[in-house]
Structure formats: C-alpha cells, structure tokens
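Protein chains get the first letters and strands the later ones, always in sequence-line order, with residue 1 at the start of each.
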Amino acid sequence: MTPPPAPPAPDDDDRACAVLLARAAAGDRDAFEALYLRLAPAVMSFLFHLTGDRGLAEDVTQETFAKAWRAAGRYDPARGRVRTWLFQIAKNHAWNELPRWRRARASGLDAVEAEAAAEAAGPEDVASRAETGAALLAATESLSETLRAVFVLVRVEGRPYAEAAELLDVPLGTVKSRLAAAEAFLRERLKGPR
Amino acid sequence: MSAPQDDPSGPFAAPLDPADPLARALAALPPAPPPPPVALVWARIDAGAPADEPAGRPLPHLLRRRAAALTAAAAVLVAAGILVATRTDRPPAPREVRVVPVAGGARLVRGDAVLSFGAAREGDVVVAGDGATATVRLGERVTATLGRGAALALASEGEVRLEAGTASFEVGPSSAATASPAFRVLVDDRVVTDRGTRFVVARVPDPEAPWEAVLSVAVEEGVVEVDGVPVAAGTGWAGPSSGRGEALAARAAPLVPPLVSLELAAEARAGEPASVRLLVVNRSPYPVARPARDDVSAPMLLEVTDPEGVARTVRVTREVIVEGDGVEAPREGEPWLAPAVFPPPDGDPPARLLTARFASLFPARGTYRLRVLHATADGASADATPVLPALAVDVR
C-alpha cells in the first residue's frame with residue numbers, strides 16, 4: 001500500500017493564510033475578511049463543481065467560513081494547510097447537506113423538473129449534451145462521493161495529487177486509482193450507447 | 001477509448017487527450033460563480049449563539065480552567081463602569097487601580113495595581129487587563145510587572161507560572177537570614193531561574209506557527225537560567241516554550257536586536273551636552289533587552305566617529321534616557337519600564353522614540369558620524385542600523 005504522502009511544504013501564501021487565521025482566532029474581523037478574499041473563490045469553485053448546484057455551493061461556502069471563524073483557534077497547522085483545512089470543512093459539510101438539499105430541491109416545481117430530468121437522463125440524453133459542461137456536471141452527480149471528490153479536485157480544480165490525498169486523507173495511489181475509475185465512468189456516461 | 005496515462009511521478013494529473021470527450025466536457029464546464037459576499041458570512045456568524053464567537057487560541061491550562069471566572073471578572077468590571085480601552089492606539093487610560101477578586105482564584109488587575117501575592121492561594125491567577133501595566137508584589141523580594149493582557153499564576157512559594165503575555169521581574173537580594181530559594185518563572189515546559197535581579201519573560205505566539213508558543217527571556221541585569229542554560233545581562237534567549245528535556249542550546253534562537261535610527265534632538269555645540277533621539281524598532285515578536293543600568297552589560301552602544309576619523313563607543317544606559325514616547329519614566333523604587341520593546345499584541349512591530357542625553361559627546365567642532373551598535377553575548381558588537389547610513393552631525 002502506498003504510504004500517505006507528505007503534505008506539500010507551505011509556501012508564502014500558506015503562511016499568510018495561517019497568520020490571517022491566527023488573527024481571526026483572536027477576533028480580528030479584518031483578517032478574517034482578508035482570508036475570505038483569498039480562499040473563498042477556491043472554496044466556492046470546489047463546492048460548485050462538487051455539488052453541481054450554485055445555491056448549495058453558496059450555502060456551504062458561507063457555512064464553511066462561519067465554521068472556520070468559530071474553530072479558528074483549534075486549527076492545527078501541523079495537520080495541514082489552511083486551504084486544505086477549509087476544503088475539508090467544505091467537503092464534509094457538503095456531503096452532509098447534499099441529500100437534504102436534493103430532497104428540498106425535489107420538493108419545488110422547478111426542482112422536480114430538474115430532478116426528474118436528471119433522473120431520467122439516459123445515455124441518449126447525456127450523449128446529446130456530451131460536449132457541454134452541464135452534461136459533465138450531471139454525470140458527476142452519478143459518481144460516488146469518493147470518486148467525485150477526487151475527480152473534482154484533481155481534474156476540475158487542477159489540484160496536485162498530494163493535496164487531494166491530504167484533503168481526503170487517503171494514500172496517493174488511492175487518489176490516482178480513484179481518478180482513473182472516475183474518468184472511466186464519466187467517459188462511458190458521456191459516450192452514450194454504443 | 002483509453003485516456004492518456006498519467007505521469008505516475010508528476011505532482012499533477014497528466015493532461016487529457018484533446019480528442020477525449022471527457023477533455024471536451026471539462027473545457028466546456030461553466031465557470032464557477034463568485035463566492036457570496038462576506039457580509040452574508042458575518043450575518044450567519046452574528047446570528048449565531050454566543051458560541052459563534054471565535055474560539056481563540058487554545059488557552060493555557062490554568063486559564064482554560066478559569067475562563068468562566070475571567071468572564072465573570074470582565075462582567076464585574078463593566079458593571080462597575082470602568083472604562084476599558086479597546087484599541088491599542090488610544091492614549092493610555094487614567095492610571096486607576098482596580099483589583100477585582102473573583103471566585104475561583106482569578107484576579108483581573110487594571111492599572112498600576114500593587115497586589116500582594118502573599119495572600120493569594122496556590123493556583124491563583126492574576127491577569128492584567130487592557131491599558132496600563134499591572135505591578136504585583138510577590139512576597140518581599142519580587143516585583144512583577146505585567147504587560148497588557150499578561151497572566152501570571154502563583155505556582156508555589158517563590159515560583160510563578162507565566163500563562164500568557166509579557167512580564168518583567170525584579171528580584172531583590174536574598175537576606176542571609178532567610179536564605180530564600182531562587183525565584184523561578186515557569187513557562188510551559190521551561191523553567192527560568194533567577195540568578196540576578198532584572199529580567200523580562202514573555203510567552204508569545206510563534207511567528208512561524210502562531211498556535212505554538214515561544215518563550216523569550218531578556219536579561220537586563222544579572223544572570224538567569226533557562227532550563228539551566230545561563231543567559232547573561234544584555235542578552236536574551238528565545239525558543240520553543242515546550243519540549244521538556246530537549247537540548248536547549250540546539251533549539252534556542254538568538255533575539256533579534258532592534259533596529260535603531262538616530263537624529264539629533266537639538267543643534268549640537270562643541271563641549272556642551274548633546275541630546276540624541278533613538279527610534280527603536282523591535283523587529284522581532286520577542287522582547288529585546290532594554291538599555292541596562294550598569295555600564296558593563298548595556299546592549300546598546302552609540303558609536304561616535306570624530307572629524308579625525310577616530311571612533312569611540314558610548315554605552316546607552318538607562319541613566320542617559322531622559323524621556324521616551326510611550327515609555328514609562330523610572331519612578332523612585334520601581335523598575336524602569338520600556339513597553340516599547342514588548343512584543344506587540346497586534347503583530348505590528350512597535351517603534352518607540354527615546355531621547356538620550358550625553359554630557360560630552362562632541363568635544364570639538366567639526367563633522368561627527370553617529371551610529372548605533374548592539375553588544376552581543378560574546379562581547380562583539382553588531383551594527384544596529386544596517387540599512388541606514390550613519391548620522392552626520394555638524395558640530396559648531
């Protein structure tokens with residue numbers, strides 16, 4: 001089994017984020033806002049591609065940073081960088097919220113239609129949208145959570161393998177194998193019927 | 001169709017073949033929308049319970065146990081209508097004394113409180129509130145001056161634990177009759193043992209890892225020991241406050257001497273006393289040794305090069321400091337305080353303007369050059385103004 005990779009060495013940006021978080025832990029709101037400006041776009045992008053839903057991504061982004069504010073004093077730099085810590089909060093909260101969000105979305109008329117479309121989207125439908133990003137987003141919803149997280153982090157967000165491994169707390173080899181599995185699955189979904 | 005093989009040794013996934021439908025779909029992904037305004041996050045935080053306040057840095061163990069008591073102390077202060085300055089850039093509050101005993105052994109001190117620790121119980125904590133420093137008498141021999149927000153716990157007789165912040169200690173001589181044991185300051189795993197009279201101890205966040213603590217000791221007079229390692233007057237020691245049993249010498253980091261810039265306070269005349277302003281900037285988060293009282297261990301030296309090119313050094317002792325911006329002037333029987341060199345609570349390097357008066361700096365007319373040096377522990381000296389040219393002074 002491949003051993004867990006060493007966390008990437010912190011760079012200046014990581015150190016700056018750590019200082020900002022430390023100040024936020026002491027109640028410095030300006031520092032917290034500076035941290036938000038630095039990292040919220042990345043968190044939002046990750047969540048948007050992870051959930052495929054802008055509303056949910058916005059909600060989880062807000063909750064992620066609210067949690068970060070509350071827990072800033074408990075952040076342990078030895079266990080990872082601030083970015084990774086935030087992504088972990090975001091991912092965990094998204095996983096918790098996703099089923100409820102889908103149920104809530106399904107309860108509305110538009111959501112019902114959207115959900116029905118997603119549910120009914122057979123290979124033909126997917127194939128007709130194969131060139132679109134929307135099709136890919138829809139297809140990723142069919143991935144398991146573990147495969148989806150790896151695919152979004154590595155392939156969509158362009159994060160290095162080691163960072164994905166650190167964030168998901170799995171060995172590097174697992175990240176690569178999950179990515180290969182996710183890509184194989186998505187190709188099949190995008191290809192449609194043979 | 002098969003995807004290109006990833007480079008197993010590369011940090012990133014290898015690019016996909018452009019003909020791969022997955023690659024085309026990835027390229028067509030809609031851009032992520034911008035994050036919501038931070039105001040929405042604040043609204044969520046502010047709408048939350050009191051627990052939504054930042055958790056703060058992990059408190060030292062004694063303070064953690066007494067967090068509720070400290071909160072109560074703060075409430076008592078508010079109820080008493082005591083003005084609590086909340087911004088560091090405000091002028092110092094009136095020098096009023098407030099000592100608030102609180103159940104649980106915590107005492108919140110504001111102003112120049114003189115509090116006898118003799119009546120305190122083991123485990124009691126004294127916390128200096130905002131504003132002025134607090135002076136605490138620890139028995140007959142020891143006077144501790146707490147910097148803003150410092151917390152000092154009575155560990156046992158002759159022994160205190162610095163829980164947070166900076167404290168300056170002045171230890172009087174032990175009488176032969178009492179033969180008092182050495183005074184000790186505990187900081188996390190470290191033990192600072194007094195072998196002299198004046199020293200500053202600080203427990204500050206590690207600048208590289210703000211969640212770790214750094215112990216910093218600056219010795220003004222005499223000698224102290226940090227876990228048995230002697231630290232002489234005019235020098236300091238800084239290193240991790242944790243790590244019992246680890247070799248200190250290998251882990252200790254030297255204190256960063258302050259940066260000092262110079263200017264004349266008044267026109268210089270030959271043969272007359274001269275006043276020089278020293279802008280002292282602490283470049284480290286640690287306290288630095290202050291100008292010492294005696295003429296032997298003073299860490300700060302003024303190098304004066306006369307018109308003939310001959311250089312001599314004059315020590316900047318406490319006696320020549322006649323005034324200071326933000327500096328408490330020495331009072332009779334009390335230690336001279338220079339909060340200028342204390343670690344800043346907000347992370348900004350503190351800068352303080354001191355005025356030194358020398359009886360005979362310029363014996364003759366001509367152009368002199370001045371610069372500040374710092375004495376180091378090994379007796380050598382280092383330029384304290386490495387980025388500044390020497391100050392040229394035309395003496396009439």
Side-chain angles (χ1 to χ4, degrees), chain A residues 8 15 18-19 21-29 32-33 36-37 40-41 43-49 54 57-58 61-63 65-66 69-78 130-137 139 154-156 158-162 176 179-180 183-184 186-187 190-191, chain B residues 1-17 20-59 86 149 205-212 345-347:
Chain A
R15 293 190 188 95
V19 170
L21 188 62
R23 290 189 174 191
D28 186 339
R29 291 195 165 212
F32 183 76
E33 291 194 2
Y36 187 87
L37 289 177
V43 171
M44 176 69 189
S45 177
F46 170 60
L47 289 168
F48 174 68
H49 292 124
R54 176 174 182 165
E58 288 182 342
T61 299
Q62 292 177 48
E63 190 56 31
F65 279 88
W69 170 260
R70 296 170 198 139
R74 296 193 295 275
Y75 165 71
D76 180 4
E131 298 299 318
T132 68
L136 180 57
L137 282 178
V154 176
R155 198 52 93 185
V156 180
R159 309 311 307 171
Y161 283 131
K176 294 180 179 180
L179 179 65
E183 290 180 343
L186 291 172
R187 283 192 190 93
L190 293 171
K191 197 188 303 178
Chain B
M1 171 180 173
S2 63
Q5 290 298 306
D6 290 343
D7 175 8
S9 62
F12 292 91
L16 295 172
D17 184 340
D20 186 339
L22 185 54
R24 294 200 298 272
L26 276 167
L29 269 179
V38 70
L40 293 179
V41 180
W42 286 126
R44 188 172 292 219
I45 291 169
D46 293 337
D52 279 351
E53 287 305 305
R57 294 191 183 92
L59 288 172
T86 55
D206 187 332
E208 297 295 326
W211 294 268
E212 300 293 331
D346 57 359

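For the atom pair Leu29(B) CG and His49(A) NE2, the distance stands at 5.0 Å (nearest 0.5 Å).
The minimum heavy-atom distance between Phe48(A) and Pro31(B), with the atom names listed, is CE2-O, 4.0 Å. Here the shortest heavy-atom pairing between Ala13(B) and Tyr161(A) reads CA-OH, 3.3 Å. Smallest separation of non-hydrogen atoms from Arg155(A) and Ala14(B): NH1-O, 2.7 Å. Counting all heavy atoms, side chain and backbone alike, Tyr36(A) lies closest to Pro35(B) at OH-CB, 3.9 Å.
Of the two parts of Phe46(A), neither the backbone nor the side chain holds a non-hydrogen atom closer than 4.5 Å to a non-hydrogen atom of chain B. For a residue to count as touching a neighbouring chain, one of its non-hydrogen atoms must lie under 4.5 Å from one of that chain's; by this rule Phe65(A) touches chain B with backbone and side chain alike.
Here the side chains of Met44(A) and Pro33(B) are in contact, with some heavy-atom distance below 4.5 Å. Using a 4.5 Å heavy-atom threshold, the side chains of Leu40(B) and Glu58(A) count as separate. Counting heavy atoms from C-beta outward, Thr61(A) and Val41(B) have side chains that stay 4.5 Å or more apart.
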